[in-house]
Amino acid sequence: MREYSPNEIEKKWQNIWDEKEIYKTEIDKSKPKYYALVEFPYPSANGLHVGHPRPYTAMDIVARKRRYEGYNVLFPMGWDAFGLPTENFAIKNKIHPAIVTEKNIERFKSQLKSIGFSFDWSKEISTTDPKYVKWTQWLFLKFHEHGLAYKHEMPINWCTSCKIGLANEEVVNNACERCGGEVVQKIKNQWMLKITEYADRLIDDLDDVDFIERVKLQQKNWIGRSIGMEIDFKVTNKEEKLRVFTTRPDTIFGSTYMVIAAEHPLIEKYKDEIGNYDELMNYKETVAKKSDFERTELSKEKTGVEIKGLTATNPATGKEIPIWISDYVLMSYGTGAIMAVPGHDERDWEFANKFGLPIVEVISGGDIKKEAYTDSENGIVVNSDFLNGLEVEEAKEVISKWLEERNLGEKKTNYKLRDWVFSRQRYWGEPIPLIHCDDCGWVPVPEADLPVMLPDVENYEPTENGESPLANIDEWVNTTCPSCGKAAKRETDTMPNWAGSSWYFLRYIDPDNDKEFASKEAIDYWMNVDWYNGGMEHTTLHLLYSRFWHKFFYDIGLVSTKEPYQKRTSHGMILGDNNEKMSKSRGNVVNPDDIVRDFGADTLRTYEMFIGDFEKSAPWSENGVMGCRRFLERVWKLQEILVEGDNYTKDLESSIHKAIKKVTEDFETLKFNTAIATLMSLSNEFNDCGSVTKKDLATFLILLNPVAPHITEEIWQEIGLEGFLHDTTWPKYDEAKTKDQVIQMPIQVNGKVRGTIEINVDDTQDKIKEKALQDENIMRFIEEKSIIKEIFVPGKIYNIVVR
RNA sequence: GCCGGUGUGUCGGAAUUGGCAGACGAGACAGACUCAAAAUCUGUUAUCCGCAAGGGUGUGUGGGUUCGAGUCCCACCACCGGCACCA
């Protein structure tokens, strides 16, 4: 028998699959369809690392298994190619980002091909391809057309020294990552997408999809729906009202002061009546340097300034209360103002404590001298006039009614979710296809003129005043208004990287269509995505953004399903062998090319699946890789003990049926590691047995094939099994044959195992008891004691409780 | 800080979801083969006491529920992911 040489046979089979186009998919209504999706990679200059193949192999296993089960399977791959690293590389090396991107894609593609994934490469897409950009822009214009894209003043991170807008990631401890200069928040008028309009549906429709629970929870919490009230507090001696949002209107009698955001317009409006305006402005300036994250940190020391000259009136108590500004109140959440109830809110309590503001108990049950009492389930309302004696939920109803009747407030639902800032002052992104005309306002670029392509520029760096580099290209910026024909200017902001990835799963199904983003026929046949696997880190941004886009498309009749993804699962990260995240700077990156070269693609795939619990992170280990190679070597050598035979070997029959069951189930539940362990045990059994029949081996090869497609296909051919393994069907098992007749039953005394007896599965409790009491060791623990209870779980355990 | 998650031998991990903790793999040790080494094959391998039979202890820490807890409940500790312009 020849040696197992993966480099040779892997190339061979990859070529055969390619030539036969067996993974190319067409619409075929005679078969059930299955759409398996993995997150497409960002083609960075570093190439693939061993983290990438983990989810790809997992879904490749599912895709291959589905084909054997008779499905028409779409399993596509593409490139999420716009992005900051490529742009920064281009700036540094003076190379056009399109060229960098092209090179990176070429490298990624050949790396992926060497691992033997069953991707349908005829469906390949790149978000930077003009044919793709056209439809990203077209879809954006739909948002604009339906009023979901709007301009709004939003802050950007501004490096005062480089005079450049920075991504959050480029800001380290309030300083610019490149030059160390000071970073402040600069206000810019930016395009926004109204994702908040979909907040309720993004939560409620989670009930209809099969996402793993932690993904659902994290999305719900990110959207952060809270039901409460908006209440007006009159500014004393003014017509002005200060509107606050609260989820605890029941505590209104305990509101002893108000806090508004440093940016609140009230301050400018009454500038002349405020005694300490300068002090407030100074405070506002320090706040401007902080991110929302720093502002709302619970543990930090509270800061704030009282507004001198303005007070408000608590509508419930009628008492005059002071108004403060503090960084922990954000203009972007609620109304930018709160009624502070220090007795029953942690932040308010700390603030009041620090500045000596009165703390009044209005819910009994805690000790507000020590800490805020925030429990809303057990408390009873006190010190609150007509609310006294009520439980919190009742009090909420009563006070809501009372306020509404007096026109002092209304019920309101708030969300933590904010609208999506869709503008970037960058070069390497899709230009926002809008033209500004002094007469007509913002006018969309007509469909015939799409895509709006990026002009070639000398310099990819943003401009000195915070505009995109595109703003410097006069011949690009200056155009005519599509509506009235007068001179007009193009929008120079580009879209965020998220734009292309928000709808790519729709393009895969019809990637060459130049009339539509995808045909209705293709959408009706292929959608939804049946199973989408991706990283946990994409849960609250990409996954939510793409659900939002899809829902909007559904509303305007572009797609036929409410949700894009039927099922969502998540994989863990692969860490370096030092248990740290793989990164160039840590020097612990493993390149899959090396593993494919030295051990083979099948070994890489097997190890990636065997490394541990698919949903958890796991450190890379070269010894582990070697172990998987040894396993495949042993599989290869099964040929040596092959005997003719069209039946399962009698002694192994139950093991084989059990293995079919276990592997079939484990591939569906992401337990690839235990599926492989089962196959390892089965191959060990073959060896212990000393021989394996053709039938036994064929079944084994099919089960292993989705994990290690090349070696199994080769052995299949080598031992002369009929046809090709890739044309076979998935094996079935007989449930009855997976059950053992005779089992070892543990016998416990007082919950501790004191012996094991061999029983027949359908032996009665009495029979088992009789057998158990013959066991010397078990008797030692029962003697001279009386049996007070017996617990018998058929097929599992028999426990005797004695005293 | 907030939201989500994780914690089991020397290491990666397994445990039919409340029923024999440590499957499978790695590593280590011993043996076979070899002049020798590598590769391969065989055996041992949580820990303590014991010649053995067997027994005690043991799933991040402390408590609880139960005949029985890695699994359920309460409190705590450590680590990982996300925090809206990285992808």
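So that the names make sense, note that chain A is the first sequence line, chain B the second, and so on, each numbered from 1. Below, all heavy atoms of this structure are taken into account, side chains as well, without hydrogens, waters or symmetry copies.
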For a quick test of reading the model: is some side-chain N or O of [X] closer than 4.0 Å to OP1 or OP2 of [N]?
X	N	answer
A:Arg418	B:rC85	no
A:Arg803	B:rC67	no
A:Lys789	B:rC67	yes
A:Arg214	B:rG5	no
A:Arg629	B:rA26	no
A:Asn687	B:rC41	no

Using atom names, set out every protein N or O paired with an N or O of nucleotides 20-24 of chain B below 3.5 Å, distance rounded to 0.1 Å.
| residue | atom | partner | partner atom | Å |
| --- | --- | --- | --- | --- |
| B:rC20 | N4 | A:Gln744 | O | 3.4 |

To the nearest Å, how far apart are [X] [atom1] and [N] [atom2]?
X	N	atom1	atom2	result
A:Trp222	B:rG82	CH2	C1'	7 Å
A:Tyr545	B:rA84	OH	P	9 Å
A:His152	B:rA84	NE2	C1'	14 Å
A:Asp613	B:rA14	CG	P	5 Å
A:Trp636	B:rA39	CH2	P	22 Å
A:His571	B:rG81	NE2	P	13 Å
A:Gln219	B:rG81	CD	C1'	15 Å

Q: Record whether the side chain of A:Asn221 comes under 3.5 Å of the base of B:rC3 through a donor-acceptor pair of N or O atoms.
A: no
Q: Mark yes or no for a side-chain to base donor-acceptor pair under 3.5 Å between A:Glu170 and B:rC85, with no hydrogen or angle criteria applied.
A: no
Mind checking [X] for me? I need base, sugar-phosphate or nothing, with any heavy atom below 4.0 Å counting as a touch.
X	answer
A:Gln190	base
A:Phe781	sugar-phosphate
A:Asn799	base
A:His538	base
A:Ile791	base

Work out how far the [atom1] atom of [N] is from that of [M], and round it to whole angstrom.
N	M	atom1	value
B:rU17	B:rG9	P	24 Å
B:rG5	B:rU66	C1'	28 Å
B:rG70	B:rG60	P	10 Å
B:rG13	B:rG25	C1'	9 Å
B:rG63	B:rG81	C1'	30 Å

Under 30°, 30 to 60°, or over 60°: which ring-plane class applies to [X] and [Y], parallel, tilted or perpendicular?
X	Y	result
A:His542	A:Tyr532	perpendicular
A:Phe614	A:Phe672	perpendicular
A:Trp420	A:Tyr545	parallel

Contact list (N/O, under 3.5 angstrom) for nucleotides 75-80 of chain B vs protein:
none

Q: Specify the glycosidic conformation (syn or anti) of B:rG54, with syn defined as within 90° of 0.
A: anti
Q. With syn defined as a glycosidic torsion within 90 degrees of 0 and anti otherwise, which applies to B:rU17?
A. syn
(Q) Taking the six-membered ring of A:Tyr328 as reference, does the cationic atom of A:Arg347 (NZ for Lys, CZ for Arg) lie under 6.0 Å from its centre and within 45° of its axis? (A) no
Q. What is the minimum heavy-atom distance between A:Lys216 and A:Leu206, and which atoms define it?
A. NZ-O, 2.9 Å
Q. Taking a pair as Watson-Crick or G-U wobble with both distances under 3.5 Å, which nucleotide is matched to B:rA75?
A. B:rU61
Q. Is there a Watson-Crick or G-U wobble partner for B:rG1 with both distances under 3.5 Å, and which nucleotide is it?
A. B:rC83
Q.
Treating A:Thr86 as the side-chain partner and A:Phe82 as the backbone partner, does any N or O pair qualify as donor plus acceptor under 3.5 Å?
A. no
Q | Polar side-chain atom of A:Asn173 near backbone of A:Ala175 as donor-acceptor pair, under 3.5 Å | A | no
